[in-house]
Amino acid sequence: MAKDPVRVLVTGAAGQIGYALVPMIARGVMLGTDQPVILHMLDIPPAAEALNGVKMELVDAAFPLLKGVVATTDVVEACTGVNIAVMVGGFPRKEGMERKDVMTKNVSIYKSQASALEKHAAAGCKVLVVANPANTNALILKEFAPSIPEKNITCLTRLDHNRALGQISERLSVPVCDVKNVIIWGNHSSSQYPDVNHATVATPSGDKPVRELVKDDVWLNAEFITTVQQRGAAIIKARKLSSALSAASSACDHIRDWVLGTTEGTWVSMGVYSDGSYNVPAGLIYSFPVTCQNGEWKIVQGLPIDEFSRKKLDLTAEELSEEKALAYSCLN
Ligand SMILES: NC(=O)C1=CN([C@@H]2O[C@H](COP(=O)(O)OP(=O)(O)OC[C@H]3O[C@@H](n4cnc5c(N)ncnc54)[C@H](O)[C@@H]3O)[C@@H](O)[C@H]2O)C=CC1
Ligand SMILES: O=C([O-])CC(=O)C(=O)O
């Protein structure tokens, strides 16, 4: 029997990530090729005409899984009955800006959209915040939507995770699908810690640690880390626009794994509400290694953390605490 359609909200749908993301969702990249979807697309009035153009293209593409499109500038209409909410709406960073610089503009959006989601989304709606500062926007959304369970509010660090996989794959000239279990700890910002200490590569003689294969701790402890931390800025420099296709694809990965589960023996990185695991202060949205099953994520426990890593985990937590304080000061 055909499945009932799932309603997926994309905010900022007329923007660059939105334009890359909605066809992926309509093709089943996010929820599976047997899962019909109804797309809810929200943008602001100045983008209404462009949003309507995206809707026209979705109709023209005749996606078999797409059972309906709601394109609106009304946040209540956009949020009504949605099962998944991908929050991309906001203002992107430009060359020379830190993600913190977009804070003032974006956190107030997340405060107001929190109440619309809380009141109008379907029960159990899963929320992914993409817009920057992603962790702090997600935290604001959580705090101003107290009836949405905190386990249902996450932010995107899967792009950073995928970037880390990509760097290792390039360095070792192995297919990216053979690399797994990197970790992005902390903030989706240049303070994040891309950690390869538990990462492995599938080889004909079994999984081997990335460190053993790369055989260059200097590169792994320095250049690799900064390349991943600065990749967003490098893309902005090259394209004069921030990452879009990779962000859209990673957002699909995030939701797909969350809803359909991670593969046995593999974890992914997600920005989730900290419960104090790994001595990360509770009450921050922080990126951890997680596994997913039955629609729920769980932080991978018990990984040994060396002194080098500890410092980096703490540094990015400190930045998130500062961002939290700054966000509240912007809202006052
Ligand atoms: N977490 C991550 O890995 C990544 C996050 N980003 C962030 O994603 C966000 C979107 O990036 P782009 O699509 O490139 O930007 P964009 O400027 O092309 O699109 C953003 C869209 O949001 C809309 N918008 C603004 N305020 C809104 C509101 N209140 N409600 C609904 N829509 C609203 C704009 O009209 C625009 O159409 C930015 O904040 C960017 O920094 C970008 C790449 C990766
Ligand atoms: O760097 C930016 O502003 C966009 C972004 O979040 C990324 O590409 O990781």
Side-chain angles (χ1 to χ4, degrees), residues 9-22 40-54 71-79 85-117 127-138 140-141 154-164 166 184 186-192 194 227-255 269-271 285 287:
L9 166 66
V10 176
T11 72
Q16 350 167 51
I17 297 177
Y19 190 69
L21 179 59
V22 292
H40 287 220
M41 305 195 296
L42 175 72
D43 214 295
I44 48 177
E49 199 179 348
L51 185 67
N52 193 43
V54 179
T72 180
T73 57
D74 175 6
V75 67
V76 171
E77 187 185 4
C79 292
V86 188
M87 312 298 285
V88 187
F91 293 89
R93 186 162 69 120
K94 302 277 161 53
E95 202 167 349
M97 290 165 80
E98 279 297 318
R99 287 183 181 82
K100 265 185 214 153
D101 301 330
V102 292
M103 170 93 68
T104 331
K105 282 170 173 274
N106 286 343
V107 286
S108 55
I109 298 176
Y110 285 83
K111 181 181 172 188
S112 65
Q113 293 184 353
S115 12
L117 270 179
V127 182
L128 165 62
V129 177
V130 176
N132 281 315
N135 303 53
T136 299
N137 286 339
I140 295 299
L141 197 153
T154 64
C155 82
L156 187 71
T157 55
R158 182 63 175 268
L159 174 55
D160 310 286
H161 182 100
N162 288 345
R163 286 168 172 162
I184 303 298
N187 199 1
H188 172 67
S189 78
S190 49
S191 77
Q192 66 178 255
T227 300
V228 176
Q229 289 172 332
Q230 299 293 339
R231 191 68 161 185
I235 302 288
I236 294 173
K237 190 155 184 291
R239 275 184 10 102
K240 313 296 174 231
L241 288 169
S242 59
S243 301
L245 83 86
S246 55
S249 179
S250 301
C252 290
D253 289 345
H254 176 113
I255 298 285
S269 302
M270 279 171 68
I285 301 269
S287 179

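Start at 1 and go down the list; that is how both ligands and their atoms are numbered.
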At a 4.0 Å cut-off, with the gap strictly under it, does some heavy atom of Asn132 reach an atom of ligand 2?
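It does; at least one heavy atom falls under 4.0 Å.
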
Report yes or no: does a heavy atom of Val102 sit under 4.0 Å from some atom of ligand 2?
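Per 4.0 Å heavy-atom rule, Val102 does not contact ligand 2.
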
May I ask you to check if ligand 1 and [X] share an N or O to N or O distance below 3.5 Å?
X      : answer
Gly18  : no
Ala47  : no
Thr11  : no
Gly89  : no
Asn132 : yes

Heavy-atom distance to [atom]: which of [options] wins?
atom                    : options                      : answer
atom 22 (O) of ligand 1 : Gly90, Ser243, Ala244, Gly15 : Gly90
atom 11 (O) of ligand 1 : Val54, Ile17, Val10, Val130  : Ile17
atom 4 (C) of ligand 1  : Gln113, Gln16, His188        : His188

Can you check whether His188 reaches Pro133 side chain to side chain, under 4.5 Å on heavy atoms?
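When only atoms from C-beta onward are counted, Pro133 and His188 do not touch, as no gap falls below 4.5 Å.
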
Is there side-chain contact between Arg163 and Ile184, with heavy atoms separated by less than 4.5 Å?
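No, side chains not in contact.
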
Quick check on contacts: which atoms of ligand 2 are under 4.0 angstrom from a heavy atom of Ser242?
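Answer, ordered by atom number: 4 (C).
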
What atoms in ligand 2 come closer than 4.0 Å to a heavy atom of Ser243?
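Within the 4.0 Å cut-off of Ser243, ligand 2 contributes 8 (O).
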
I want to know if ligand 2 touches Asp160 in the polar sense, i.e. an N/O pair below 3.5 angstrom.
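There is no such contact.
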
Nearest 0.5 angstrom please: [X] [atom1] to [Y] [atom2], how far?
X      : Y      : atom1 : atom2 : answer
Ser287 : Met270 : OG    : CE    : 9.0 Å
Thr136 : Asn106 : OG1   : CG    : 11.0 Å
Leu117 : Leu141 : CG    : CG    : 6.0 Å
His40  : Thr72  : NE2   : OG1   : 10.0 Å
Gln113 : Asn137 : CD    : CG    : 10.0 Å

Of Leu9, Thr11, Leu21, which meets side chain to side chain contact (heavy atoms under 4.5 Å, CB included) against Val86?
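Result: among Leu9, Thr11, Leu21, Leu21 is the only option passing the side chain to side chain contact (heavy atoms under 4.5 Å, CB included) with Val86.
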
As a test of understanding, state which of Val127, Leu42, Leu156 forms a side chain to side chain contact (heavy atoms under 4.5 Å, CB included) with Met87.
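Only one of Val127, Leu42, Leu156 forms a side chain to side chain contact (heavy atoms under 4.5 Å, CB included) with Met87, namely Val127.
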
Does [X] approach ligand 2 within less than 4.0 angstrom via side chain, backbone, both or neither, non-hydrogen atoms only?
X      : result
Arg163 : side chain
His188 : side chain
Ile235 : neither

Looking at Ser246, is its backbone amide N or carbonyl O close enough to the side chain of Ser250 to form a donor-acceptor pair, meaning the two atoms are under 3.5 Å apart?
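Yes, because the side chain of Ser250 sits within donor-acceptor range (under 3.5 Å) of the backbone of Ser246.
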
Checking the side chain of Gln229 only, and the main-chain atoms of Gln192 only, is there a donor and an acceptor separated by less than 3.5 Å?
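Such a contact is found between Gln229 side chain and Gln192 backbone.
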
Quick one: does ligand 1 sit under 4.0 Å from the side chain of Ser242, the backbone, both or neither, non-hydrogen atoms only?
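It is the side chain that gets close, since no backbone atom is under 4.0 Å.
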
Atoms of ligand 1 close to [X] [distance to a heavy atom under 4.0 angstrom, numbered from 1]:
X      : answer
Ala14  : 37 (O)
Val88  : 9 (C), 10 (C)
Leu159 : 3 (O), 44 (C)
Ala247 : 43 (C), 44 (C)

Quick one: side chains of residues 43-51, donor-acceptor pairs under 3.5 Å with protein atoms, not counting sequence neighbours, listed by atom name and distance.
unit_1: Asp43; atom_1: OD2; unit_2: Ala13; atom_2: N; d: 3.4
unit_1: Asp43; atom_1: OD2; unit_2: Ala14; atom_2: N; d: 3.0

Step by step, would you call Asp253 with His161 a side chain to side chain contact (heavy atoms under 4.5 Å, CB included)?
CA-CA 11 Å; Asp253 289 345; His161 182 100; over 6 Å; no

